[in-house]
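Throughout, protein chains are lettered first and strands after them, A, B, ... in sequence-line order, and every chain is numbered starting at 1. Side-chain atoms are counted along with the backbone in the values below, which use heavy atoms only and exclude waters and symmetry mates. Treat the numbers as computed from the prediction; the structure is a model and nothing was measured.
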Protein chains: 2
Amino acid sequence: MDNRQNPEEKILEAARLVFHQKGFNGARMQEIADLAGMNKALLHYYFRNKESLFEKVFNETFAQMASKMSEIFLSEMTLMSKIQIFINFYLNFISRHSFVVQFIINALHDKPEQLREIILKQNLVPELMLEQIRKQLREEMGLDIDPLHIYVNILGLTVFPVVAKPLIQSLFRITDERMDVFFEQRKKIVPTFIENALKGYEKDKSLL
Amino acid sequence: MDNRQNPEEKILEAARLVFHQKGFNGARMQEIADLAGMNKALLHYYFRNKESLFEKVFNETFAQMASKMSEIFLSEMTLMSKIQIFINFYLNFISRHSFVVQFIINALHDKPEQLREIILKQNLVPELMLEQIRKQLREEMGLDIDPLHIYVNILGLTVFPVVAKPLIQSLFRITDERMDVFFEQRKKIVPTFIENALKGYEKDKSLL
DNA sequence: TATATCTTTGACTGTTTGATTAAACTTATT
DNA sequence: AATAAGTTTAATCAAACAGTCAAAGATATA
């Protein structure tokens with residue numbers, strides 16, 4: 001592990017790796033210490049205990065993901081370009097940080113109230129993002145649809161295959177190499193899938 | 001807990017509840033014993049250890065989910081009806097068994113090789129399901145698309161919102177009641193979304 | 001250089017937890 | 001009724017683990 005960083009940074013980097021892969025229950029303070037190349041007691045010196053170290057990591061990770069999403073969807077582009085960019089970004093991002101989203105989902109699943117407070121402290125306003133999507137759906141495609149459903153659809157089509165990768169591989173006996181191809185294909189397939197779906201609403205506007 | 005069942009059944013039922021919610025690492029043998037209303041040593045008497053009890057539960061759960069999916073997608077209906085039925089079934093099912101899919105995904109994530117063997121022993125043939133989808137895409141909609149992408153899209157649109165429910169609620173500050181409405185809406189929205197997307201391909205067949 | 005403060009370590013503690021065991025209890029078999 | 005086999009329990013064990021502490025080491029301050 002890199003020696004140029006200060007201890008706090010080294011601990012956080014190690015903690016990130018371990019917590020992301022194993023979650024709170026699966027992670028061991030000893031393993032984090034080993035990975036950071038220092039004594040276990042130092043973790044408690046810099047971060048009071050396991051919980052607060054975990055919270056730090058969660059905070060960081062969540063903020064990073066959420067702000068990246070906001071950044072993309074609040075930028076100045078057509079909605080379809082944003083979708084294209086988001087999928088490309090995300091599918092590239094996870095090849096380096098495979099477990100981030102699953103980590104967030106599981107953490108939030110284990111202690112929803114506790115982490116919800118932490119999230120509220122960061123002054124993110126994801127509602128703005130929804131309003132922006134609503135506006136663009138109307139102005140660019142003439143659609144009056146609940147933007148939350150569209151946003152969740154985008155996330156589902158992008159994120160789910162990554163999270164469920166081992167499930168898909170087990171079910172259909174797919175090799176790692178074929179999975180790489182599969183994800184590469186999705187960078188094209190998902191945006192057209194969404195575009196087709198949205199254009200379909202234009203003719204028959206009787207829905208939501 | 002119901003007294004009419006035999007001990008094995010009682011243990012399995014309790015183990016299911018606890019493992020589904022907390023995963024392997026989060027689960028405690030004592031908690032399972034308490035929930036089953038019996039001494040902890042009995043769990044070891046009937047199931048050698050925690051691992052094999054977990055495997056039993058995983059096996060059961062996975063088989064149940066996989067066979068239900070196969071059943072729907074191998075039945076005699078139009079593809080669009082199957083999609084409609086699947087979404088309805090799944091969104092109703094999880095209101096009673098909230099954590100099944102996330103449980104499977106996490107388990108497969110923690111020990112992929114080990115569980116893949118277990119899965120292979122069940123003689124499921126999900127590839128048949130894919131072939132069936134491919135056939136129906138061609139015959140009913142004149143489309144020559146990789147059925148795996150379509151299947152993953154269906155799963156993503158259906159399963160992701162359920163798995164990510166706490167994430168969505170935290171991000172957009174949505175109450176439990178509004179979430180119920182949201183899921184109820186998706187029973188209609190998702191099938192039309194998919195239908196629109198597929199119909200879009202019919203005109204412009206230059207894609208995959 | 002002497003002293004105070006900050007950093008790091010190894011040894012240790014108390015608790016939790018999965019697993020074992022020997023004895024008690026129950027049920028079936030003769 | 002006597003015996004054997006199967007079932008259940010309380011007590012206990014050993015390992016894993018988060019967290020503590022006193023002392024050693026390093027660094028800054030005077």
- Query: Could you write nucleotides 11-21 of chain D as a row of B, S and -, 5' to 3', where a protein heavy atom under 4.0 Å of any base atom gives B, of only sugar-phosphate atoms gives S, and otherwise -?
  - Reply: ------SBBBB
- Query: Side chains of A/N92 and A/K187: is there a donor and an acceptor less than 3.5 Å apart?
  - Reply: yes
- Task: Return yes when atom NZ of A/K56 has more than 12 non-hydrogen atoms of other residues, nucleotides or ligands closer than 6.0 Å, and no otherwise.
- Result: no
- Message: Without decimals, in angstroms, what is the distance between A/M38 CE and D/dG25 P?
- Response: 19 Å
- Item | Net bend of the helix from C/dT1-D/dA30 to C/dT30-D/dA1, end axes of five pairs each, nearest 10 degrees | 0°
- Item | Lys/Arg-Asp/Glu bridge criterion (N-O < 4.0 Å) met for B/E13, B/K10 | no
- Sequence neighbours excluded, which residues qualify as side-chain hydrogen bond (donor to acceptor under 3.5 Å, both in side chains) partners of A/K50? none
- Message: Can you classify the ring geometry of A/F103 versus A/F58 as parallel (below 30°), tilted (30 to 60°) or perpendicular (above 60°)?
- Response: tilted
- Task: Whole angstrom is fine here: how far is it from CD in B/E31 over to P in C/dT16?
- Result: 15 Å
- Aromatic plane relationship, A/F54 with A/F24 - under 30° parallel, 30 to 60° tilted, over 60° perpendicular: perpendicular
- Message: Expressed as a whole number of angstroms, how long is the span from A/E8:CD to C/dT8:C1'?
- Response: 14 Å
- Base, sugar-phosphate, or nothing for B/Y46, non-hydrogen atoms under 4.0 angstrom? sugar-phosphate
- Message: Please determine whether a side-chain nitrogen of the Lys or Arg among A/R134 and A/E131 lies less than 4.0 Å from a carboxylate oxygen of the Asp or Glu.
- Response: yes
- Could you give the CG-to-P distance, from B/L42 to C/dA19, as a whole number of Å? 15 Å
- Message: Nearest whole Å is fine: how far is D/dA26 P from A/Y45 OH?
- Response: 15 Å
- Task: Calculate the interatomic distance between A/L43 atom CG and C/dT9 atom C1'; express it in whole Å.
- Result: 13 Å
- Fit a plane to each ring of A/F193 and B/Y201, take the angle between them on a 0 to 90° scale, and name the class: parallel (under 30°), tilted (30 to 60°) or perpendicular (over 60°). tilted
